[in-house]
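So that the names make sense, note that chain A is the first sequence line, chain B the second, and so on, each numbered from 1.
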2 protein chains.
Amino acid sequence: MSEAASRRIPDVTVERLPVYRRAAMDLLSAGMRAASSDLLAKRAGVSAATLRKDLSYLGSFGTRGSGYELSFLLGQVDRQLGLDRAWPIAIIGIGNLGRALASAPGFAGRGFRVAALLDVDPHVVGQFVNGIEILHLEELPRMADKSQIAIGVITTPARAAQEVAGALEAVHTMAILNFAPVVLQVGKGVAVRNVELATELQILSFHRLHRF
Amino acid sequence: MSEAASRRIPDVTVERLPVYRRAAMDLLSAGMRAASSDLLAKRAGVSAATLRKDLSYLGSFGTRGSGYELSFLLGQVDRQLGLDRAWPIAIIGIGNLGRALASAPGFAGRGFRVAALLDVDPHVVGQFVNGIEILHLEELPRMADKSQIAIGVITTPARAAQEVAGALEAVHTMAILNFAPVVLQVGKGVAVRNVELATELQILSFHRLHRF
DNA sequence: GATTGTGAACCTATTCACAGCA
DNA sequence: TGCTGTGAATAGGTTCACAATC
């Protein structure tokens, strides 16, 4: 088999692809052309067997005896993740966290561009962050007409998050990154990822407590 | 069985406990005293069977016919997560993200308090964020002498993160929440959780692309 | 009658181990 | 000889379904 297998890629594998991508980038900019599953896995913090099985879902493009050609690997991962274009993202809720994200390196990186900043507070609407004007949430449909919003990032207080999710769904945004501490109720077609600070701290607290 | 089973709690269960905690809090402040696994599960976005099995690892304290007593449930979860004290946390790297976290509601919530803000930039050291003075990273050992840092939060650029992780390990901080895009190499006893903005967007991008 | 607690069945993910190829 | 790709074995997690019991 030499072309990408159309076997379904497991969710856990998808979650690791960005890590492999970074490992490949790092080694590439350190001047390497190829790397073994062993080295890549070490950099990614997984076992070599896991990495090999994960990559096998994208097709088999390693070379026995010498490993994976890094730029090819990067290309395969980018293609799977859809990073060959710059998807427009909107950030809704421009408080401290929203502002920080608007200028975060991760958000300006390959594959994405901040297309809109939205809020409902009249004191905030009209300000500029990182050269982008903050619009009123009501402008979302007009905004989405001009450039379809691929991913909505919710950084509002908890009580506003569900309503914002609905507004995003209404303009056919099919992916939401939610920082608000609520479980969003959305249609089946919408992909949601939750990032929660309190949750992360609580999980760490558990592990700290149950050491030994 | 009526006291907490000392069966090992699976990792996935631990990751869901904070969500159950929130669901219980919400229902409690809506005036309810008890709730069924069905209702709680709906609020938490999991199946009722999963929730019941998860809670059974903490002991069996539901009441057949009427569900779980919410304040007791909350107490059990808090005890497991170690939220009966306020653990001191340190944030290292006080850029936009570090500042946002320092004043984020999730970080001031039950179970934690921001005990130290650290950076290496002389322009930043000495400033105050949310009433807390930013100290130089070199002050970490002195700081940790006064109050043992339970959790370190790394919000530095990628290149500095590994060194900071080492400094935290040196002062016996056994839990790290890492926002920098690197896989940290730490000793076996240290619990690490990674939160990465670029990674989250890339995962969402995949799911959007592979809808249908 | 309502709802939990939990074995048993099922499904998913990781690790092993080695044949197959450069 | 070195390293990938992958079936087979194992471990871990979810769902089913129903007896127990308030």
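- Rounded to whole Å, the distance from CG on B:Leu51 to C1' on D:dT14 is 13 Å.
- If you check D:dT6, C:dT14, D:dT4 against the side chain of A:Thr50, the one that comes closest is C:dT14.
- In the set C:dT4, D:dC3, D:dG5, D:dG5 carries the atom at the smallest distance from any side-chain atom of A:Ser60.
- Counting any heavy atom pair closer than 4.0 Å across all strands shown, A:Thr13 reaches no nucleic acid atom.
- Side chain of B:Arg52, nearest nucleotide from C:dT4, C:dC16, D:dG5: C:dT4.
- Remark: A:Arg113 is not positioned above the aromatic ring of A:Trp87, lacking an NZ or CZ atom under 6.0 angstrom from the ring centre and at most 45 degrees off the axis.
- If you take OH of B:Tyr57 and C1' of D:dG12, they are 9 Å apart, rounded to a whole angstrom.
- When rounded to the nearest whole Å, the span between CG of B:Asp11 and C1' of C:dA13 equals 14 Å.
- Of the listed nucleotides (C:dA13, D:dC22, C:dT15), C:dA13 has the atom at the smallest distance from the side chain of A:Pro10.
- Closest contact between the side chain of B:Ser47 and the listed nucleotides C:dT14, D:dT14, D:dT15 involves D:dT15.
- Enclosure of atom CD in A:Glu139 by more than 12 non-hydrogen atoms of other residues, nucleotides or ligands within 6.0 angstrom is indicated.
- In terms of phosphate contacts, B:Ser37 brings a side-chain nitrogen or oxygen within less than 4.0 Å of OP1 or OP2 of C:dT4.
- Rounded to an integer number of Å, the gap from B:Phe61 CZ to C:dT4 C1' is 12 Å.
- The CG atom of B:Asp54 sits 14 Å away from the C1' atom of C:dT4 (whole-angstrom rounding).
- Taking atom CZ of residue B:Arg8 and atom P of nucleotide D:dA11, one finds them 13 Å apart after rounding to whole Å.
- No N or O donor and acceptor, one from the side chain of B:Arg64 and one from the base of C:dT3, sit under 3.5 Å apart.
- Between A:Tyr68 and D:dG5, a side-chain N or O to OP1/OP2 separation shorter than 4.0 Å is present.
- Taking the six-membered ring for Trp and the full ring otherwise, the centers of A:Phe112 and A:Phe107 sit at least 6.0 Å from each other.
- Salt-bridge check for B:Arg21 with B:Asp78: passed, with a basic side-chain N closer than 4.0 Å to an acidic carboxylate O.
- For the pair B:Gln148 (side chain) and B:Val171 (backbone), a donor-acceptor distance under 3.5 Å is present.
- Here the P atom of nucleotide D:dC3 and the CG atom of A:Leu40 are 12 Å apart, to the nearest Å.
- Distance from the side chain of B:Lys53 is smallest to C:dG7 among C:dG7, D:dG5, C:dG5.
- Computed from coordinates, the A:Glu69 CD to C:dA22 P distance equals 16 Å when rounded to whole Å.
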